[in-house]
Structure formats: C-alpha cells, structure tokens
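What follows is a short report on a single structure.
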Amino acid sequence: MTIVRYEIIAKVVELGSFTETAEALNMTQSAVSHAIASLESEWGVSLLIRDRKKGITLTDIGQKTLPHIREVLKRVEVINQEIALTNNLETGIIRIGTFASASSCLLPKLLAKFQKKHPKIDFKFFEGTYEEITEWLNSGIIDIGFVVKGKSNPDFDLVPLIRDNMVVAFHPEHRFLNKETVNMEDLVEESFIMPTGMYQSHVEELFEEAQMKPSILFEVHDCTTIANMVQEGLGVTIGPELFLKTQQNIKVSKLNIKNSREVALACYSIANASPAVKEFLYVAKDVFH
C-alpha cells in the first residue's frame, strides 16, 4: 500500500493536478486524495500545499522527502525488471531528459536500434535546458539525460556520443554560400542573431577568441525561432552543426576558429541503474562508436 501511495504523490507533483493524476493512474479523484491524506496522517506532516492561484506545491518536508520517494520507486522498478529478466521477460520504463537538437538528431537513431532489440520497454521524455536536465537527474525525475560535457554535474557517469562543432548559418543566397570556411572577422558587418539559450556560451567564446564584437540585431532564446529568422534572411547566426544542418533553407559553413560541445548521455550511477537503463547505454555506445 505504501508503494502505491508513493506513486500517487510523485505523480501529483509531476502533473500538478489531482484530476490528471487520477486519470493517469486509472483511479478516482477521491482515492488519490485519500491516499495522500493517509500518508500525511501516518507521518504526522503535511506534504502538499493546495492553493487555488498557485496550484499544488510541496511543503518544506515534502521537498525533502520527495527525492527519497522517487528513489524508492526507482529501486522497485529495478527489482521488477530483474525479476522479469529472470523469467525471460522484458518490462520497464526509461525516463530520458533531452534538449532540442538531441531530440531531433540523436534520439530517433538510438530509439530505432534499441526498440528492435527491446520492443517491450517503454519511454517517457522530458525536454529542457542543460540546467533542467542536470536538476532532473539529481532529483531522480529522469534516469538518463543528454548533456554537454562540462555543463553538468561532474559526478554523473557519462557515455560520450558525438562532438558537435559550432558553425555559421546563413540564407542560401548569402555571400557566404561558396565559402567552405568563414573567418570570424567576416561577421563584423553582418546582422547577427545572438542565441540566448543553451549554446550562447559557445558563441561568446568564439567572439572573445577572435577579439571582436558582433553586430547584434536580435537576441533570441528559442533555437527554432533563430533558424526561421535565418531562413527569412534577417541575419546570420552561429550554432551547433547537429541542429542547424537539419534545417530547411539554411546553409552552414565551418568557422576558422574551432569551438565544439561534446554531447554525452549521463546517468546518476550506471552501477545502480536498472537493467533497461544499462542496456540503453550499451546500445548508445554501439550506435555512436
């Protein structure tokens, strides 16, 4: 009964709604409320704050206990997977944190290979920033996360995947079209679209190394919006080749100064991971090496 209550409270926090939790777990809303109330009564503490304006939030003790609750649920998942393997059955779910370019360019290839071998394993995906993925790994919300080496917790176990170079992107009719390599100095007179999201630090490092400042016309957070602006000829930008080379009506060239990010899969502890997670990481090594 306690494990069921753990599942309920973890799901309520994830969805922020008693109604949605009841639907997700195929329960009545009153059963969800009763389960949480009984856990709070047993422990003698309040775990949730219910506010009409702010919605459902955790109390201080709720914030402290939730990571432990999630860890217990993960351990139960590992037990179930180990038992299933013993009986020559496969079961389980893998929760993956990913960022935009990894979702579109790395994940599909990896999933295709994995699901051919293990069709009964389910997946749940969480898309966010480097910082969010690191936090999700730390708090146990996800099992595996796509990260950039040096931008996450150094204590994570990593499986390196690819080195993603920074490139310059421009409209197909731009003067850079026939240039295989563009000098940073050539960007001085260009209207520049500066990313303010995950790879901004890489772009800033390039300009610092070139000892120059771009003529920033727009500052944009969303990488898809940046790509659309380049497609319309509003300016040029610098970003990860992994993402930009997949965008329609955009051309890319190398830069005379090298800068790249090393994309890896991170796990809090491979040794303590579930059989499904270990197999996923094994397949990742096989696909990208």
Side-chain angles (χ1 to χ4, degrees), residues 1-84 91-98 121-147 152-157 265-278 280:
M1 178 60 186
T2 298
I3 296 299
V4 174
R5 290 185 295 179
Y6 284 1
E7 290 176 349
I8 291 169
I9 194 164
K11 185 63 72 173
V12 166
V13 174
E14 177 190 336
L15 299 177
S17 165
F18 279 68
T19 303
E20 290 183 26
T21 297
E23 291 175 357
L25 298 179
N26 198 25
M27 302 172 67
T28 64
Q29 187 171 334
S30 62
V32 169
S33 298
H34 177 73
I36 292 176
S38 67
L39 189 60
E40 290 178 322
S41 177
E42 181 181 320
W43 286 354
V45 296
S46 294
L47 298 171
L48 300 175
I49 300 171
R50 303 157 181 83
D51 188 289
R52 287 186 177 180
K53 292 183 179 180
K54 296 181 180 179
I56 297 171
T57 56
L58 286 164
T59 61
D60 288 343
I61 188 61
Q63 290 175 356
K64 290 176 181 177
T65 56
L66 183 63
H68 301 296
I69 288 172
R70 286 181 174 142
E71 183 60 30
V72 169
L73 293 173
K74 284 175 70 175
R75 293 296 99 204
V76 170
E77 173 72 14
V78 170
I79 291 169
N80 289 335
Q81 289 185 25
E82 293 287 6
I83 293 170
T91 184
I93 184 168
I94 301 175
R95 301 163 188 85
I96 301 178
T98 179
I121 301 297
D122 295 322
F123 290 89
K124 187 166 187 180
F125 303 106
F126 300 77
E127 190 166 299
T129 63
Y130 297 159
E131 294 78 12
E132 286 173 327
I133 292 169
T134 296
E135 175 56 32
W136 293 337
L137 281 166
N138 279 326
S139 60
I141 292 175
I142 59 176
D143 306 302
I144 306 171
F146 283 92
V147 300
S152 65
N153 188 332
D155 295 331
F156 289 159
D157 289 338
L265 277 174
C267 180
Y268 196 83
S269 169
I270 294 176
N272 294 320
S274 70
V277 168
K278 288 178 180 176
F280 188 85

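Between the side chain of Ser41 and the backbone N or O of Ala37, no donor-acceptor pair lies under 3.5 Å.
For Ile56, the side chain to side chain contact (heavy atoms under 4.5 Å, CB included) test picks out Val12, Phe18, Leu48, with sequence neighbours left out. Take Glu71 and apply the side-chain hydrogen bond (donor to acceptor under 3.5 Å, both in side chains) test, not counting sequence neighbours, and it matches Arg75. In this view, Thr98 and Ser103 satisfy the side-chain hydrogen bond (donor to acceptor under 3.5 Å, both in side chains) rule, not counting sequence neighbours. Residues satisfying the salt bridge (Lys or Arg N to Asp or Glu O under 4.0 Å) criterion with Lys124, sequence neighbours excluded, are Glu14. With sequence neighbours left out, the side-chain hydrogen bond (donor to acceptor under 3.5 Å, both in side chains) criterion links Tyr268 to no other residue.
Note that the CD1 atom of Ile36 and the CD1 atom of Ile8 stand 7.0 Å from one another [nearest 0.5 Å]. How far NZ of Lys64 is from CG of Leu58: 12.5 Å, rounded to the nearest 0.5 Å. Summarising the geometry, atom CD1 belonging to Ile133 is positioned 8.0 Å from atom CD belonging to Glu127; distances are rounded to the nearest 0.5 Å. The line from CD of Glu23 to NZ of Lys11 is 12.5 Å long, rounded to the nearest 0.5 Å. Residue Leu66 holds its CG atom at 9.5 Å from CG of Leu47, rounded to the nearest 0.5 Å. Distance check, rounded to the nearest 0.5 Å: OG1 of Thr65 to CZ of Arg70 gives 10.0 Å.
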Donor-acceptor pairs under 3.5 Å, side chain of residues 139-146 to any protein atom, not counting sequence neighbours: which ones?
| unit_1 | atom_1 | unit_2 | atom_2 | d |
| --- | --- | --- | --- | --- |
| Ser139 | OG | Glu135 | O | 2.9 |
| Ser139 | OG | Trp136 | O | 3.4 |
| Asp143 | OD2 | Arg95 | N | 2.8 |
| Asp143 | OD2 | Arg95 | NH1 | 3.4 |

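Counting non-hydrogen atoms of other residues, nucleotides and ligands closer than 6.0 Å to CG of Asp51 gives a total above 12.
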